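Notes to accompany the following structure.
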Amino acid sequence: MPNGYWGKILRVNLSTGDIKVEENDETFYRRYMGGMAMVSYYMVKELEPEIDPLGPENKLFIFPGVATGVPFSGSGRHCVGAKSPLTMAYGKAEGGGHVGAELKHAGFDGIIVEGEAEKPVYLWIHDGECEIRDAGKLWGLPVKETQDAMRAELGDKLIRTSLIGPGGEKMVRFACIINDLKDAHGRTGMGAVMGSKNLKGLAVRGRMQVPVADPDKMKEIARWAATDGVKLAQGLHDWGTGAAMVGGEQTGNLPVCNFRGDWFPKANDIDAKTLGQSPLRLGMDACYACAVRCKKQVKAEGKFFSDPDYGGPEYETLASCGSNLGITTLEPIAMAHHLCHVHSLDTISAGAVVAFAMDCFEHGVLTLKDTGGLDLHFGNAESAVKLIDMIGKREGIGDLLAEGSRIAAQRIGKGAERFAVQEKGVETGMHEPRLKRALGVGYAVAPHGGDHGFGPHDPMFEGPSRAFDEAKALGLLEPMPSSEMSDRKVALAASLHPWVAFRDSAVICSFVPFGYGQYVDIINAVTGWNTTAIELARVGERALNLARVFNVREGLTRADDTLAPRYFEPMVDGALKGVAYKRDELEEAKTTYYTLAGWDPQTGVPTRAKLAELGISWAAEEIARVPATPVR
Amino acid sequence: MRVRARFFGDLKKFAPHDEDVVEVDLPEGSTVSKLVDAAHVERGELWRASIKNQLVELDQVLQEGDEVFLFPPIGGGQSR
């Protein structure tokens, strides 16, 4: 087995109680490397089409990557995947913290959780062993109380946890999984899948060091990341994400009141720098081995409160639970973050679903009768916080909104679909595609819905920024305006997406500013292989193509690769007043993207030739299983 | 004339003494570009500038007392 791996994948069947350790050969590890690519592989191989994502036939795939747990900045993340209750197709989410590294230190390259436990359970994974334990007394507890109880029961305060709160137990479709107390596998409802299996979470403890082929080279890379790398990410180090919200507002990127497109003069009041300079922020924290330390610790007291043990709001939360709700002060945003962590809800989707409800309310589609007397005008912070709590508990209208904005809009009718800002059922990240055109293509074609992490973020490629300079190594030499929509812009997205998928497979954090050559150095230093950038990009392509095959097999078509209706409307005011995404422009971009990706230009289905190039010809047989009638 | 540059996100690294704002004396008729250079901001790191909540080009002529906001490219975490 190569360095960087143990060659051991844990398979736990919660229906039967069986626990097995499976081994794969080196070719398997080299082909998929971990994270998203392994999730994609197992999803296509092991999940039958059209299963209920919240039924026992679904499986939860938990995969660190080749880099996870090797001590250098950016190696603390791992990926969780399953059929998603939001997309009703492919789902996955990366998360930070320490659990992925701890899992590697416990001797495992991944976990496959099958079936459904009869009663609530959790997994205790430590030093090459796994045990299914009773979680009857933990069921119903918030995330923090659950972690406290698990550590007390197992007698070890250093145990790392990956948990759901009551929102996951109640299968809120956008429930997430919280690593320790602060970091989330936020997107696509992985916490709901965990809850559907009566699985409260994982407790993990490991004491083994991941074997590394060239320790001296790894130390050199780790030193660079902790010194030069941190200098390049100084803003993140000092303030965390969200320290340029005024720039977002003044250029049109900041979502305001459900992405209606508007000025937001109070942007600076909810900015990460303002937060950092206020008494609310107690300090900064880090994922495993990371010197960037971009994680905030925020404490609020009084009417709006937040426990600093749950960390603090990232940019996505400052926007989703702030400007996008018309909320202009930090305390209610901190409390929204707090409640999302108590219940294990994705802060992006939770905020976006409240924004959806507020837009419906302001347009008379929802009334006080529907909301149980809750005034849902934009800017009403008390109502927003109350509604998030109701969603976590599935109380009142919170029960409907817990289905996510796509399903809620279908049930409400009356044109509510217009206000559901989601792609493939996943509420969009807090970045404006009418400003960032290539990001709009990314939102549309991503197999897992509107993910801002999929990128690319057009402003980075307008001129000689670090991201632009790095991309020259991939042959992307021409700067392009953010507003440009052209074949070369689509080519930028198509060239960079495999690298995003590689990074999510390895798994390496995008906030540590490694260049593409450094990714090659990392993989070679860890494994001892002789890899190149070409091979790493193919790992990413493999992840994306298998995810695409999974979605094709579920009946998704070209029509599902689209943007939320909101983005085809002109922005009402602000820096981009009157600007809209054009439908024909997007359709043309999709055809170009499919062609560049090696997919059928019209249907977007991966071609046999592309699958053969990637060494996954077997996946072509899966495409042949496409149902006659798309089911969603 | 005296003008100010205010740094956002990663541009803060160009600010002296851990401040996020710098005051500079420039000749009458100076442009935003001149201020950017005087504040020692690398052009490649700058994406947009604004004065009084309006985006401005680098050749915009400054007035006494202007405060220019300098923004890095807005990426996946806003400043990256």
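Residue numbering restarts at 1 for every chain, and letters A, B, ... go by the order of the sequence lines. Quick caveat: nothing in here was measured; it's all calculated off a predicted structure.
- Residue A:K577 places its NZ atom among 12 or fewer non-hydrogen atoms of other residues, nucleotides or ligands, all under 6.0 Å distant.
- The residue among B:R43, B:E42, B:R48 with the most heavy atom pairs within less than 4.5 Å of chain A is B:R48.
- A centroid separation of less than 6.0 Å is found between the aromatic rings of A:H448 and A:F454.
- One distance of note links CZ of A:R503 with CD1 of A:I508; it measures 9.0 Å at 0.5 Å rounding.
- For the pairing with A:R434, the side-chain contact (heavy atoms from CB on, under 4.5 Å) check across A:V579, A:N253, A:L439 returns one residue only, A:V579.
- For chain B, the nearby part of A:Q277 is the side chain; its heavy atoms alone come within less than 4.5 Å.
- Taking the six-membered ring where the residue is Trp, the centroids of A:F259 and A:Y567 are separated by under 6.0 Å.
- Only the side chain of A:E462 comes within less than 4.5 Å of a heavy atom in chain B; its backbone stays farther off.
- Only the side chain of A:N268 comes within less than 4.5 Å of a heavy atom in chain B; its backbone stays farther off.
- For A:L435, the part lying under 4.5 angstrom from a heavy atom of chain B is the side chain only.
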